[in-house]
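Order of the sequence lines fixes the chain letters, A, B, ..., with proteins taken first and strands second; residue numbering starts at 1 for each chain.
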Amino acid sequence: MTPWEDNEAFEAAAVPLSQRALAQRPAPYLDDLNPAQREAVEALDGPVLMLAGAGTGKTKALTARIVHLLALGKARPHEILAVTFTNKAAREMKDRVLRMLGPAGEGMPWMGTFHSLSVKILRRHAELVGLKPSFTILDTDDQLRLLKQLIQARNIDDKRWPPRMLAGLIDGWKNRALTPARVPSSDGAAYNNVGTEIYAEYQDRLRTLNACDFGDLLLHCVEIFKTHPDVLAQYQRWFRYILVDEYQDTNVCQYLWLRLLAQAHRNICCVGDDDQSIYGWRGAEVGNILRFEKDFPGAKVIRLEQNYRSTPHILAAASGVIAANANRLGKTLWTEAETGEKVRLIGHWDGEEEARWIGEEIEAIQRGTRGWAPVSLNGQAILVRASHQMRAFEDRFLTIGLPYRVIGGPRFYERQEIRDAMAYFRLAVSPDDDLAFERVVNVPKRGLGDKAVQSIQREARANGLTLVDGARSLLAGGGIGGKGANQLRAFCDGIDRWHMAIRDARPVVADAVIEPLLPDTPPNSDLGHVRLAEVILEESGYVSMWQNDKTPEAEGRLENLKELVKALEQFDSLQGFLEHVALIMDNDSEDATEKVSIMTLHAAKGLEFPVVFLPGWEDGLFPSQRSMDESGLKGIEEERRLAYVGITRAEELCTISFASNRRVYGQWQSQLPSRFIDELPQAHVEVLTPPGLMGGGYGAAAPGFGGGFGSTIEERATRADVYNSPGWRRLQDRQGQRSVSQPREARHVTIDHQAESGYALGERVFHVKFGYGRVIGIEGDKLDIRFDKAGEKKIVARFVMPADIGDEVPF
DNA sequence: ACCGCGTACGAACCA
DNA sequence: CGTACGCGGT
């Protein structure tokens with residue numbers, strides 16, 4: 001029976017469902033939409049671009065649209081293709097549709113991520129791209145190990161060709177839907193064609209392994225659609241309406257995937273916000289959304305601009321920043337909300353002080369301060385540019401006992417113990433999984449080192465065997481000696497035994513786990529696979545390996561293994577589990593306790609909090625130097641969108657901060673305020689003065705602030721004043737727009753415009769953090785100072801003061 | 001085969 | 001300041 005015959009059966013069941021839904025719920029979903037949302041919901045046919053600004057009720061409109069399609073009988077649940085990027089977004093959409101429709105909203109088999117939907121499609125046509133339907137999905141780790149092997153096989157310098165770099169190259173090509181044959185020679189030549197050659201080898205190897213990496217899932221689908229018009233036509237008929245979330249994040253391959261599927265009926269609705277395109281570095285093409293109207297002539301463009309999330313000051317600040325980007329489709333967010341607080345800006349001496357201040361501020365806000373209503377910890381978040389910034393906050397919050405949660409971080413299935421355990425499961429399911437074999441053959445230690453593994457590989461390769469069989473053959477021929485041999489034999493026998501157990505449990509082992517088309521296929525209630533998983537982990541010695549491990553993290557790893565086994569209960573077989581786990585990111589441990597959230601700006605997209613802190617707004621950190629170096633103006637624009645995303649996460653209160661000094665790779669560096677700080681419209685910003693330090697001369701002080709200080713100090717303080725900083729100054733002489741792509745020398749450059757320190761060799765100076773010291777070298781505005789207590793440091797002159805003045809400062 | 005030390009390098013993120 | 005890897009010693 002083909003899937004298309006299944007379909008007939010499904011249709012018979014599906015029609016009454018949607019009619020029942022309509023009867024039960026007479027379209028209340030249209031009533032609470034604003035006019036733009038309603039327009040977006042009701043424009044069902046033909047291409048539609050829904051430009052949905054931050055906080056404008058995009059998901060609401062999207063789900064209402066699905067409900068509307070079903071209610072009007074335009075499509076049945078299985079005829080709607082709804083694509084998201086993350087499992088979380090998919091789940092959210094599913095939940096919302098379910099909430100609106102009740103049971104009638106169940107059974108939307110084609111609502112999911114690009115990757116999960118692609119797997120579903122690919123399993124049905126795997127042979128068209130030279131795979132078996134049971135192909136496995138490799139993650140980044142496997143991918144790297146594979147590439148490493150190919151590099152070594154070629155005997156080329158892996159210093160010049162780091163696997164990571166090749167992986168990046170290949171991913172980039174796949175993102176652009178380029179098979180090895182299609183990589184433009186200009187692309188390949190730049191790397192002496194080594195890159196393209198390895199790419200081709202890599203693809204061959206994947207086919208031999210019957211495996212796909214993440215990029216392949218989409219690429220293969222596109223290839224099938226392109227080369228098999230009959231298959232494509234079936235899917236085009238099948239998916240009568242297509243909806244895409246976060247369209248600004250699509251890469252070329254995803255774009256082709258969509259366009260191929262949509263081009264027949266053109267009922268495609270893409271939802272996105274060009275101002276929130278922040279994944280360019282992983283291949284997203286903001287161009288896709290910019291040229292939607294060209295791709296789909298006659299497309300209806302609907303803007304959702306009424307914001308339901310943030311106060312006017314916050315929106316104005318965000319708008320001010322994003323306005324500096326060129327090539328925008330353009331939206332003007334507005335709100336009916338009350339004015340609220342201005343965006344707050346504060347400078348700090350260094351990153352630790354920044355963390356300290358934010359910690360105190362969070363506690364104050366939690367208690368309720370300055371007449372603001374208290375905001376619980378759950379309502380507060382710290383959004384950083386790069387994950388290493390999190391550390392300062394974690395350190396600080398641990399010492400003051402402020403509960404926090406880190407969102408993102410290493411995902412569950414990426415942890416070592418989980419990946420090891422899964423490799424065992426993979427071997428049990430398919431003993432020919434060579435990558436899994438390699439991963440765990442010596443985990444726990446079985447006395448099988450590099451040399452042993454190499455001879456197994458040689459044996460396997462020579463006889464066209466899988467690694468397990470190669471190992472067996474080697475053992476039989478006595479090609480491997482000593483105590484490793486016994487352990488290897490036990491390992492192979494184990495694999496055999498576990499595999500048999502699976503076979504016995506399911507006498508008819510399907511070659512692949514093909515998703516049932518009928519959504520309500522009864523789940524297998526037999527939990528034998530859970531027990532089997534435990535047995536595997538026990539017998540392999542993997543559990544005892546961690547039990548015997550004395551390191552502090554061993555306990556946590558055992559916990560994770562338990563959690564893994566528990567997770568198995570929700571699936572009906574090991575295969576089914578492996579199938580999903582490769583695509584699932586489930587890190588949302590539902591935790592009821594009140595905690596402040598710490599996450600990257602990227603992880604924050606789509607979230608919102610009453611109170612948001614945005615630390616580390618310093619040139620080089622944010623915008624990140626790397627982004628500027630690699631992508632020039634484009635990079636800066638993307639960073640600016642990231643700033644926009646950050647600010648628009650805040651509902652009530654947004655606090656931006658920067659530090660004058662920061663440890664970078666263990667070295668102290670002086671930092672300049674981010675250029676994005678220049679772009680904040682002053683009318684919507686309140687500049688705060690950090691406590692403690694002479695009114696905050698070291699970073700931020702309001703203009704005109706700070707009467708009552710000695711003139712010398714005040715002068716030094718104002719020099720560091722934000723509004724007087726090079727940052728604000730750039731605002732004034734905008735016409736002087738130098739090439740932005742030219743990285744500013746934030747690190748080694750003078751902060752003063754006259755590059756002289758004002759200090760003399762041998763002079764005694766005072767520094768707030770390092771104490772007293774003596775100038776032993778001068779280099780422009782930087783001083784080499786030998787501190788009495790803190791050793792020798794290089795310090796920018798404005799951060800120290802003559803010792804006699806320092807003496808008077810009350811610390 | 002495994003362990004410990006020294007050196008080099010450097011940090012986004014989701015499937 | 002970390003971590004990841006390569007080296008040499010045991």
Side-chain angles (χ1 to χ4, degrees), chain A residues 83-90 112-119 122 137-144 148 158-159 162-165 168 171 174-175 212-219 246 249-251 253-254 257 278-284 351 383-392 395 407-414 442 444-454 481-484 487 579-587 599-606 616 620-631 635 638-639 641-642 645-646 662-669:
Chain A
V83 197
T84 64
F85 273 85
T86 63
N87 290 298
K88 197 172 154 214
T113 64
F114 273 106
H115 291 87
S116 68
L117 295 171
S118 293
V119 171
L122 196 52
I137 301 164
L138 305 190
D139 60 24
T140 322
D141 216 55
D142 296 320
Q143 192 188 13
L144 286 176
K148 204 167 185 172
D158 65 352
K159 283 272 193 280
R164 297 197 72 81
M165 184 238 247
D171 283 346
K174 288 185 176 175
N175 287 340
C212 279
D213 63 20
F214 287 124
D216 281 339
L217 297 175
L218 286 132
L219 181 56
E246 307 281 11
D249 288 337
T250 51
N251 60 35
C253 190
Q254 288 157 340
W257 192 98
I278 56 175
Y279 286 109
W281 49 270
R282 69 175 202 216
L383 313 182
V384 297
R385 174 62 184 89
S387 54
H388 62 260
Q389 287 172 264
M390 294 179 181
R391 217 186 135 174
D395 284 353
I407 313 273
R411 277 171 288 295
F412 184 70
Y413 72 85
E414 280 171 3
N442 201 29
K445 300 266 183 276
R446 296 194 174 88
L448 300 161
D450 268 0
K451 226 179 111 229
V453 173
Q454 269 172 28
K483 85 183 196 340
Q487 299 222 48
E579 170 66 25
H580 282 265
V581 84
L583 295 170
I584 281 180
M585 185 277 305
D586 243 342
N587 220 23
M599 70 191 89
T600 63
L601 287 164
H602 283 95
K605 189 160 77 142
L621 182 56
F622 187 40
S624 97
Q625 193 61 51
R626 182 164 161 195
S627 183
M628 292 189 286
D629 291 348
E630 284 175 10
S631 315
E638 180 153 319
E639 298 282 310
R641 292 192 289 268
L642 211 39
V645 167
R662 203 173 279 280
R663 288 181 95 117
V664 180
Y665 300 136
Q667 300 267 59
W668 281 102
Q669 280 188 166

Atom-to-atom span, [atom1] of [X] to [atom2] of [N] - whole angstrom:
X	N	atom1	atom2	answer
A:N175	B:dC14	CG	P	15 Å
A:W281	B:dA12	CH2	C1'	5 Å
A:R626	B:dC9	CZ	P	15 Å
A:M390	C:dC1	CE	C1'	18 Å
A:K605	B:dA12	NZ	C1'	13 Å
A:Q669	B:dG10	CD	C1'	12 Å
A:E246	B:dA15	CD	C1'	14 Å
A:D141	B:dC14	CG	C1'	16 Å

Proximity to the side chain of [X] - top-ranked nucleotide from [options]:
X	options	value
A:K451	B:dA12, B:dC13, B:dA1	B:dA1
A:T140	B:dA15, C:dC1, B:dA1	B:dA15
A:A452	B:dA1, C:dC5, B:dA12	B:dA1
A:H602	B:dC13, C:dC5, B:dA15	B:dC13

| message | Tell me if a side-chain donor or acceptor on A:E639 pairs with a main-chain N or O of A:S624 at a distance below 3.5 Å. | response | yes
| request: Give a yes or no on whether the backbone of A:G635 and the side-chain of A:E638 come within a donor-acceptor separation of less than 3.5 Å. | output: no
Between [X] and [Y], what is the shortest heavy-atom contact and its length?
X	Y	value
A:G646	A:L601	CA-CD2, 3.6 Å
A:L219	A:K174	CD2-CG, 3.8 Å
A:R385	A:L621	CG-O, 3.3 Å

| query | Taking only residues two or more places apart in sequence, or in another chain, which ones meet A:R164 in a salt bridge (Lys or Arg N to Asp or Glu O under 4.0 Å)? | reply | none
Could you list, one pair per line, each protein nitrogen or oxygen that sits under 3.5 Å from a nitrogen or oxygen of nucleotides 2-4 of chain B, together with the distance?
unit_1 : atom_1 : unit_2 : atom_2 : d
B:dC2  : OP2    : A:N442 : ND2    : 3.3

| note | Across all chains, not counting sequence neighbours, the ring pair (Phe, Tyr, Trp, His ring centres under 6.0 Å) partners of A:F622 are A:W617, A:F676
| remark: By nearest-heavy-atom nucleotide on DNA chain B, the more 5' of A:S116 and A:E630 is A:E630
| said: Judged by each residue's nearest nucleotide on DNA chain B, which is more toward the 5′ side, A:T113 or A:L642? | reply: A:L642
Side-chain N or O of [X] versus OP1/OP2 of [N]: is the shortest distance under 4.0 Å?
X	N	answer
A:N87	B:dC14	no
A:R663	C:dG2	no
A:S387	B:dA12	yes

| query | For the residue pair A:W257 and A:F114, does the interplanar ring angle fall in the parallel (under 30°), tilted (30 to 60°) or perpendicular (over 60°) class? | reply | perpendicular
| query | Rounding to the closest angstrom, what is the interatomic distance between B:dA12 and C:dC5 at atom P? | reply | 15 Å
| said: Looking at the base of B:dA12, is there any donor atom on it, or on the side chain of A:R385, that sits under 3.5 Å from an acceptor on the other one? | reply: yes
